[in-house]
2 protein chains.
Amino acid sequence: MELDERKTVILQAIIKNYLETGEPVGSRTISKYTDLNLSSATIRNEMADLEELGYIVQPHTSAGRIPSDKGYRFYVDAMMLKHEKEVEQLKDVLLEKEEKLDHMLKQAAKLMAVNTNYATMVTAPRNYKNTIKFLQLSRMDESHILAVIVIEGNIIKNTVLDVAEKLDDETMLKLNILLNTHLNGVSAEEINLGLIATLKQQAGMYGPIIAEVIDAVAETIKEDEDLEIYTSGANNIFKYPELSDNQKASDLINAFEEKQLLTQLIDESDEEGSNEIKVYIGEESPIQTMKDCSIVTANYEFGDGMRGMIGIIGPKRMDYDKVVGTIKTIKSQLDTMYKKDN
Amino acid sequence: MELDERKTVILQAIIKNYLETGEPVGSRTISKYTDLNLSSATIRNEMADLEELGYIVQPHTSAGRIPSDKGYRFYVDAMMLKHEKEVEQLKDVLLEKEEKLDHMLKQAAKLMAVNTNYATMVTAPRNYKNTIKFLQLSRMDESHILAVIVIEGNIIKNTVLDVAEKLDDETMLKLNILLNTHLNGVSAEEINLGLIATLKQQAGMYGPIIAEVIDAVAETIKEDEDLEIYTSGANNIFKYPELSDNQKASDLINAFEEKQLLTQLIDESDEEGSNEIKVYIGEESPIQTMKDCSIVTANYEFGDGMRGMIGIIGPKRMDYDKVVGTIKTIKSQLDTMYKKDN
DNA sequence: GTTAGCACTCTTTCGGGTTGAGTGCTAACA
DNA sequence: TGTTAGCACTCAACCCGAAAGAGTGCTAAC
């Protein structure tokens, strides 16, 4: 049996209707809903076929049909194709130049949540190219040195180092020159034992300080664990009865609060390194606790060598059309942000 | 009518039982629960009195009694008195020296949540004394200057400034000396128009840069808006049926996610500036959406001039005893942290 | 002052009847 | 051969009333 033209129309009508109402949809509804001018009986026959093909399921004998994961997948694929052709119209909301990156990302998450009525997430951009742009040691007081490390993309990291005795100006200058000479423009991979040994040797008695600085650099570069994730609209899940029973809601809220789980999405999206919008439907989700949800994600590029992720999480009967549109808009906002901002 | 010894015992028995079960408690239960050896009929008489006194209420005619806000208040006050005398035993969990403050605070929030099964929050310490400890401008590249501002308590803030043309070393040095000479040890209140004018005048053509630096300083000091709040265990509210109906849960989760609302608690706790543990019961809560909750908060002192807040939010039938104990433990951990850490 | 007893109230629970939506199947129709 | 009307059937949802059970207030007796 094949998915012919008419079946397609009916399937889409079923899904669309279900997305709006959240109720199983019956043959009579479709009979009136579409322009096919078919009686409910005919629709029923077609629906039996669609069920056999696996696109829809019946929650119980005398209920209407609801889309299966396969059905959603079909719908999403068809829709993506459509979107492909559209030219995205950028909105100006985000362009009110936000002073700070994290404010901006929070706002992006919130904007998406308000727009779509789903839960959303935005990760801060992480650098996947890691070159050191600038290093600076400054004497803060008698026994503390402030080390400032700037990575390509203006990620700035401060570390306070303890020192036994006060260092004089000349030494500070010497150390700064030493560090910048050897480390400027150097990537994480290039900092090897040889380079470290050279630095330490040249620093003489200040070798331990150099070692501490390098530790800080390493930490700055691989700051995987304290990756910032901004979320918004987690409470939207209460708008969808199928998600708001106690256990499910608790699990979801927990995922959103702990954020640890959400990193699985990032790993997944990084893996392919693709620039595409991804849609996970139900069981496809990489996160166990979100088997009843659908997740739409995309990566954004933030300047040279920086990449972040945005995602929307909602019920399977998600308004995919709108969600993908929203994701695209925000993505291109963030993509262009860096250029304009710099 | 007075609250005599026996009434007190009965009231406490009622509250204690209600805290455990979450169900209205009847006279017969109390009759068996306590050592008073009174029949249920007698208890009923006393309960009628307690109701008249306002300590307990009946949800409906033929139900048992539940504590009123006044009843909880009585219970809490009695308990605080008890705790007052106890010597707090510090736990070592937090003392595994955490590298970073925010990790530590997150862990503190989580620890409390796991311990108590309620929702918890911890704010990062904010400086209420604001003196500048150190200022540093560095040339990052041709057209950007990095300004690092360190506030008492080692709050560090970076800002990147745009400059039209490259500044030479001598100018940089001059600006740094100028800034540090005038601003070191200076508090926010002392940076007035006169001082700013002096600085600008001495900076000559670099006045605009000085202005930007001062803006950044101002922003660092009054960083009210991006106050970090760490929360944990928001999903615990699902453990208490009286909080987990859709509307309430949604509101609560929202408060925890937006965090904006939580700042009201901080304002409140700052107001008195006290060092006490505060308990808000039901309607006493400064947050509208938490009228069905109880909130326990405390401030902690983090080194000189820094203060943060910890709080636990749960149902009114909260295990106050445990919560206050937990808060005290964490509070003293954080209080002593700075000293040991420095 | 305490208690036993009883009538009363009110919520909760459970079963059963009803309703209504929706199906599958069959037979008739174009 | 595809479409449709009709009908019997299924099943969740809803309402209703009865019964159970928890708990109270009151009164009379101890």
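In the text below, chain A, chain B and the rest are named by the order of the sequence lines, each starting its count at 1. Note: hydrogens, waters and symmetry copies are ignored here, and every other heavy atom, side chains too, is used.
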Do B:T42 and B:S39 have side-chain atoms, one donor and one acceptor, less than 3.5 Å apart? yes

Protein heavy-atom contacts under 4.0 Å, written 5' to 3' over nucleotides 25-30 of chain D as B (base), S (sugar-phosphate only) or - (none), form the string B-----

Phosphate-side-chain proximity, B:S27 and D:dT24, N/O vs OP1/OP2 below 4.0 Å: yes

Can you check whether B:Y280 reaches B:T297 side chain to side chain, under 4.5 Å on heavy atoms? yes

Between A:I43 (CD1) and D:dT3 (P), how many Å, whole number? 10 Å

For the atom pair CE (A:M290) and CZ (A:F256), what is the distance rounded to the nearest 0.5 Å? 5.0 Å

Could you tell me how far apart A:I30 (CD1) and C:dA21 (C1') are, to the nearest whole angstrom? 14 Å

Starting at atom CG of B:N17, determine the distance to atom C1' of D:dA22, rounded to an integer number of angstrom. 14 Å

Check whether more than 12 heavy atoms from other residues, nucleotides or ligands sit under 6.0 Å from atom CG of A:D4, and answer yes or no. yes

To the nearest angstrom, how far is B:N37 atom CG from C:dA4 atom P? 12 Å

Would a 4.5 Å heavy-atom cut-off, applied to side chains only, mark A:D319 and A:T116 as touching? no

Supply the atom-to-atom distance B:D321 CG to B:K16 NZ, rounded to the nearest 0.5 angstrom. 7.5 Å

Is the distance from OP1 or OP2 of C:dT3 to the nearest side-chain N or O of B:T42 less than 4.0 Å? yes

What does the B/S/- profile of nucleotides 9-15 of chain C look like, 5' to 3', with a 4.0 Å heavy-atom cutoff to protein? BBS----

Separation of C:dG20 C1' from A:E23 CD (nearest whole Å): 14 Å

Rounded distance (nearest 0.5 Å) linking atom CD1 of B:I266 with atom OG1 of B:T123: 5.0 Å

Figure out the CD1/P separation between A:I66 and C:dG22, and round it to whole Å. 14 Å

Salt-bridge contact B:R73-B:D69 (side-chain N to carboxylate O under 4.0 Å): no

Starting from C1' on C:dG22, measure out to CD1 on A:I14 and report it in whole angstrom. 13 Å

Using purine N1 to pyrimidine N3 plus N6-O4 or O6-N4 for Watson-Crick, or N1-O2 and O6-N3 for G-U wobble, each under 3.5 Å, what pairs with D:dT27? C:dA4

note: B:K32, atom NZ; D:dA22, atom P; distance rounded to Å ~ 10 Å

Verify the contact: side-chain N or O of B:R28 to OP1 or OP2 of C:dT3, cut-off strictly under 4.0 Å; return yes or no. no

Determine, for A:E258 against B:K110, whether the closest basic-nitrogen to carboxylate-oxygen distance falls under 4.0 angstrom. yes

Under a 3.5 Å cut-off for both contacts, is D:dA22 paired Watson-Crick or G-U wobble with anything, and if yes, with which nucleotide? C:dT9

